[in-house]
Amino acid sequence: MVVRNSDRSLRALEDYLMAIYRLEEIFGEARTTVLTNELGVKPATISKTVSKLAEKNLIVWEPYRGVKLSEKGRAIAERIVRRHRIAEYFLVNVLNMDAVKAHRYAHMMEHLPEEFFDKLYDFLGRPLTCPHGNPIPGATPPSDIIGAKPLLKFSTGSIIRVVRIFCTVGGEVIADIYKLGIEINKKIKILYSDEKGMVLEINDGEKVLIDYRYALAIYGIPLM
């Protein structure tokens, strides 16, 4: 199959919108410097593409600060995110694929036609979240997801259950978090925080240190 330049251009723009969507989920906005690292491209390329997205009214851009999706841009991004999270659910829960690999493969699948995902979603029983606990756009999120908050919002001594782990485009965030032994439904206790990050207790005694930026990506609900 020959991929036309117009198709490549559209996919590139969709990748930008999805990256901005994910960064907004975690940080509230997408700073261009972070977007550069997220997509692995040069700052000049980011500026050029961001300008193009702004011209199409897909984002609101404040130079030297960051970007946010416009209503039009968010609608497109949510369609892509929906496809991605449906694909992840299928890969993990039907094909028993590793969750990090599934995230990367789902990124390759998310440009398939909408009809495919509509049928796949019905086949899967219309799940509410992806394997990482992130809501599938269009579905009503579970109550514990709605009430969840990031680790940084919990006080020292809090015991929580992890219900959601935010993802980045490449999957590095979830890969690093899972390597620490933190995953969905894991019970963790916040021991203390210092200049290096947050120290958590998992698995009834095991201590791990997580960077503050990862603490923003892990959401939980209090157990006591």
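What you see is a predicted model, and the numbers here were worked out from it, not measured in a lab. Hydrogens, waters and symmetry mates play no part in the numbers below; they use all other heavy atoms, side chains included.
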Quick one: do Met109 and Met97 end up in the same hydrophobic cluster if we chain Ile, Leu, Val, Met, Phe, Trp and Tyr together by side-chain heavy atoms under 4.5 Å apart?
yes
Testing the basics here: between Ala19 and Leu39, what is the closest heavy-atom pair and its distance to 0.1 Å?
CB-CD2, 3.9 Å
Got a second to check how far Leu69's CG is from Tyr21's OH, nearest 0.5 Å?
9.0 Å
ring-ring contact (aromatic ring centres under 6.0 Å, His included) evaluation trace for Tyr121 with Tyr89
CA-CA 9 Å; Tyr121 189 56; Tyr89 188 96; 8.7 Å; no
Quick one: do Lys196 and Asp194 make a salt bridge, cutoff under 4.0 Å?
no
Non-hydrogen side-chain atoms of Ile46 and Thr33 separated by less than 4.5 Å:
no
Looking only at heavy atoms, the pair that brings Ala215 and Pro150 closest together is O-CB, 3.8 Å
For Val173 and Phe166, what are the C-alpha separation, side-chain angles and deciding distance, and is it a side-chain contact (heavy atoms from CB on, under 4.5 Å)?
CA-CA 8 Å; Val173 169; Phe166 287 97; 6.0 Å; no
Drop me the distance from Glu206's CD to Ile188's CD1, to the nearest 0.5 angstrom.
12.0 Å
Do Ser158 side-chain atoms and Ser155 backbone N/O form a donor-acceptor pair below 3.5 Å?
yes
Let me check something: do Tyr192 and Ile159 share a hydrophobic cluster, defined by ILVMFWY side-chain heavy atoms less than 4.5 Å apart, either directly or through other members?
no
Indicate, with yes or no, if Ile202 and Ile174 share a hydrophobic cluster defined by side-chain heavy-atom contacts under 4.5 Å among Ile, Leu, Val, Met, Phe, Trp and Tyr.
yes
To the nearest 0.5 Å, what is the distance between CD1 on Ile165 and NZ on Lys186?
10.5 Å
Would you mind reporting whether Val208 and Val199 have side-chain heavy atoms less than 4.5 Å apart?
no
The test is side-chain contact (heavy atoms from CB on, under 4.5 Å); show your working for Leu35 and Val41 and say whether it passes.
CA-CA 9 Å; Leu35 200 56; Val41 297; over 6 Å; no
Have a look at His84 and tell me which of His107, His111, His103 forms a side chain to side chain donor-acceptor pair (under 3.5 Å) with it.
His103
What heavy-atom pair brings Leu91 and Ala106 nearest, and what distance separates the two atoms?
CD1-N, 3.9 Å
Hydrophobic clusters here meaning ILVMFWY residues chained together by side-chain heavy-atom distances under 4.5 Å, can you tell me if Ile177 and Val92 are in one?
no
If you draw a 6.0 Å radius around OH in Tyr178, do more than 12 non-hydrogen atoms from other residues or ligands fall strictly inside?
yes
What are the two closest non-hydrogen atoms of Ile136 and Cys130, and how far apart are they?
CG1-N, 4.1 Å
Leu58 versus Lys52: any side-chain heavy-atom pair under 4.5 Å?
no
Tell me if a side-chain donor or acceptor on Asn185 pairs with a main-chain N or O of Val163 at a distance below 3.5 Å.
no
Using side-chain heavy atoms (C-beta onward) and a distance below 4.5 Å, is Trp61 in contact with Thr32?
yes
Please evaluate residues Ile190 and Leu200 with respect to the criterion side-chain contact (heavy atoms from CB on, under 4.5 Å), reporting the C-alpha separation (whole Å), side-chain torsions for both, the decisive distance (0.1 Å), and the verdict.
CA-CA 5 Å; Ile190 299 175; Leu200 312 174; 3.9 Å; yes
Taking all non-hydrogen atoms of both residues into account, name the closest pair between Ala54 and Ile59 and its distance.
N-CG1, 3.6 Å
If you measure from CG on Leu53 to NZ on Lys48, what distance do you get to the nearest 0.5 Å?
12.5 Å
Pairs in or reaching into residues 125-135: which pass salt bridge (charged side-chain N to carboxylate O under 4.0 Å, His left out), with residues at least two apart or in two chains?
Asp122-Arg126
Checking Pro141 now: which residues fulfil side-chain contact (heavy atoms from CB on, under 4.5 Å) with it, not counting sequence neighbours?
Pro135, Ile145, Ile146
So CD1 of Ile218 and CG of Leu151: to nearest 0.5 Å the spacing works out to 5.0 Å
In this structure, are over 12 heavy atoms from other groups packed under 6.0 Å from Tyr212 atom OH?
yes
Ile184 side chain reached by Thr129 side chain, heavy atoms, under 4.5 Å
no
Under a single-linkage definition using a 4.5 Å side-chain heavy-atom cutoff for Ile, Leu, Val, Met, Phe, Trp and Tyr, are Leu112 and Ile76 assigned to the same hydrophobic cluster?
no
Gap separating the CE atom of Met18 from the CD1 atom of Ile80, nearest 0.5 angstrom:
7.0 Å
What I'd like to find out is whether the side chain of Glu183 reaches to under 4.5 Å of the side chain of Val162, using heavy atoms alone.
no
For the residue pair Leu209 and Leu180, what are the closest heavy atoms and their distance?
O-CD1, 4.1 Å
Could you go step by step and tell me if Glu88 and Asn134 meet the side-chain contact (heavy atoms from CB on, under 4.5 Å) rule?
CA-CA 11 Å; Glu88 280 185 313; Asn134 295 304; 5.9 Å; no
Can you confirm whether Phe154 sits close enough to Lys149 that some side-chain heavy atom of one is under 4.5 Å from a side-chain heavy atom of the other?
yes
Evaluate the side-chain proximity of Arg164 to Ile221: yes if any heavy-atom separation is below 4.5 Å, no if none is.
no
Give every residue pair that meets the salt bridge (charged side-chain N to carboxylate O under 4.0 Å, His left out) criterion with at least one member in residues 66-83, sequence neighbours excluded.
Glu24-Arg74, Arg82-Glu114, Arg82-Asp118, Arg83-Glu114
